[in-house]
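Have a look at the structure below, then the notes.
Computed from heavy atoms alone, side chains included, the values below leave out hydrogens, waters and symmetry copies. Being a predicted model, the structure only gives us computed values, none of them experimental.
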Amino acid sequence: MKGGLLPLLVIVAVPAFVVGTLLGAGPAAVVGAFVALFGLITSLGGPLWPDLRRLAVLAPVLFGAAVGPRLLADLSRPAAFALIVVIVTAGALLPLRGSRYSTTALGLGMVTLFAYGIPLLSPASSRQFVLAAAAGVVVALVLRLAFGIADPSKPTRAAVADLLDGDGDVSGSVSLWHADGRRRWLGTVLQEAGRFRLARRSAEALARRSDAEDPALDDLRARAHEVADRVRAKRSDPPRATTPDVGNRPLDAAHAALDAIDRAAGERDDAPVSVPAEARRDLRSVPLSGWLRTAQVRHALRTGLGVLAALLLSMRLRPGDPLLPTLLMTTFGVLQASWRDTLGKAWPRVVGLAAGSAVVIVVILLVPSAAYAPIAGVALVIGLSTITTRPALGSAAMVCMSVAMNSSLRHLDPVGTLVEYVLLTAGALVIAVVVGFAVVPGVRPPVLRARVEEAVSATVAAVRSLGGPRGDVVAAQRRALRATADLTPDHDRLTTDQQADLDRFREGLVDLRVLATASLLDPDHEHPAVGRSLAVLEGTAEPGPDDGVLVALAGEVRTVRDRLV
């Protein structure tokens, strides 16, 4: 959504609205339009077939979230509130299954709140709501297929290629590869990308120690970019690997890894890699130990509580109040996993609310009411185009759009509408920033030194567990994943250099773990340096001039750790 919501609204919501209208949904067709929009958001960002499978599984949930609370509210508003809170809280837990589910949680929450709160210009029957929601789900499925059918695996290849010439995420790339059929050639690229990153990092460390620019490093980066482009391409030419002889062990190792990647990208062996089913189940399951300390679980509880508070506040509004979505969506959109991130979301809305209110006051004083409709249209375009890229401007535009549209279409008093908008937005911000974190406070993490030492200890234990009982391996890998994730500062105030060191430290630990795991899975490849690298990382040994890439990287990670602590 880098270009804003407007393109998606035109491409997705308009067709869903048309289909719903043709099916007889009447005024409820607007609900189907947003079901399609947010339903598609739940399945974007990954390879086509896994995304379609996820959307197909979620389709009944999306349908129920769109229809259930709205129809249940006619019988019992408390029951509708309870259903909304359950759906939103459960959706906020989905990212525990992986980062791919972050958009799923966002889309599910938005579908639930928007379908419940969106005002209609005229009454609609239960049958019309059902038709609209069904049309929205079907349109989302069809459009997701259309968006990805030309190149279903493009996101997987892009994520893997980013490991070579970008800031790729190793665990996220492995997750996409696993979900997208575990193609052998991409598995080879993943394995060799780990070795390449280790070798490149070691070469960069050696260059920093000598305080000399090495032209061979620039050549390596240029070649890595070329090979990454071959991985990203839908089709690739035959292998053309040529290893430069630079006389530098880390650089030679890096070029050798690029050779293997180049060959794999040229041959494109699409045969699936066999992974035991029990291992897949273990690695996908969510650990329950220490669940309340997990930021995502606390965020889910906080989101459910915040939405409930907003719903209770909405009981003071008149039935069918057109600003109900403002209250609900602002609360949901501002609430984030940490208080700092929540403030980061709230501040642009405060700025936008102030700026938008000032513009509305000028419009009320100087512009005739006949011009409110075109003003609302222009503000809507600006808001949807900028709300994700320039949130303060987008929020200001949405203030203007809401007041102008409700004044022109519903003949509401613009001053009263503006006052209500300001009060509801302020209430939503107070709920998100104050109430949620007061009732479900964040858990202050240990000091940075303790987190760094825990990450080292967990990484060493994870590497040493490889080859042991499967249960011990899974437990150790989970501990290592959690320890490296907990390195992210929330309350710490770090300098720019410290933040860069922390990023390098985290990436180095991940690379160590990935290379050791790849070595275990490859019976023809031995790494006698693994034990020595762990000793260097722990500080019981020193790297020597004849040591390989892995030991050199362990030495660099230890140096960064010493700077951090």
Would you tabulate the side-chain donor-acceptor contacts of residues 126-147 under 3.5 Å, counting partners in other chains and residues two or more places apart, or write 'none'?
| residue | atom | partner | partner atom | Å |
| --- | --- | --- | --- | --- |
| Gln128 | OE1 | Ser125 | N | 3.0 |
| Arg144 | NE | Ser43 | O | 2.8 |
| Arg144 | NH2 | Gly46 | O | 3.0 |
| Arg144 | NH2 | Asp51 | OD2 | 2.8 |

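By the 4.5 Å heavy-atom criterion applied to side chains, Val307 and Thr89 are not counted as neighbours. Using a 4.5 Å heavy-atom threshold, the side chains of Met110 and Met329 count as touching. Looking only at side-chain heavy atoms (C-beta outward), Arg302 and Trp339 stay at 4.5 Å or farther from each other. Residues Leu9 and Val14 form no side-chain contact, since every pair of their non-hydrogen atoms from C-beta on lies 4.5 Å or further apart. Side-chain contact check for Thr42 versus Arg54: every heavy-atom pair is 4.5 Å or farther apart. Using a 4.5 Å heavy-atom threshold, the side chains of Asp269 and Arg183 count as separate. Looking at heavy atoms from C-beta onward, Val351 lies out of side-chain contact with Ser395 at the 4.5 angstrom threshold. Side-chain atoms of Pro325 and Pro119, non-hydrogen and from C-beta on, do get closer than 4.5 Å to each other.
Here Arg157 pairs with Asp151 under the salt bridge (charged side-chain N to carboxylate O under 4.0 Å, His left out) rule; sequence neighbours left out.
Val88 approaches Gly109 most closely through the heavy-atom pair CG2-CA, 4.5 Å. Between Thr331 and Ala432, the shortest heavy-atom distance links the atoms O-CB, 4.2 Å.
Remark: the backbone N or O of Gln336 is paired with a side-chain donor or acceptor of Thr342 at under 3.5 angstrom. Between the side chain of Ser402 and the backbone N or O of Met398 there is no donor-acceptor pair closer than 3.5 Å.
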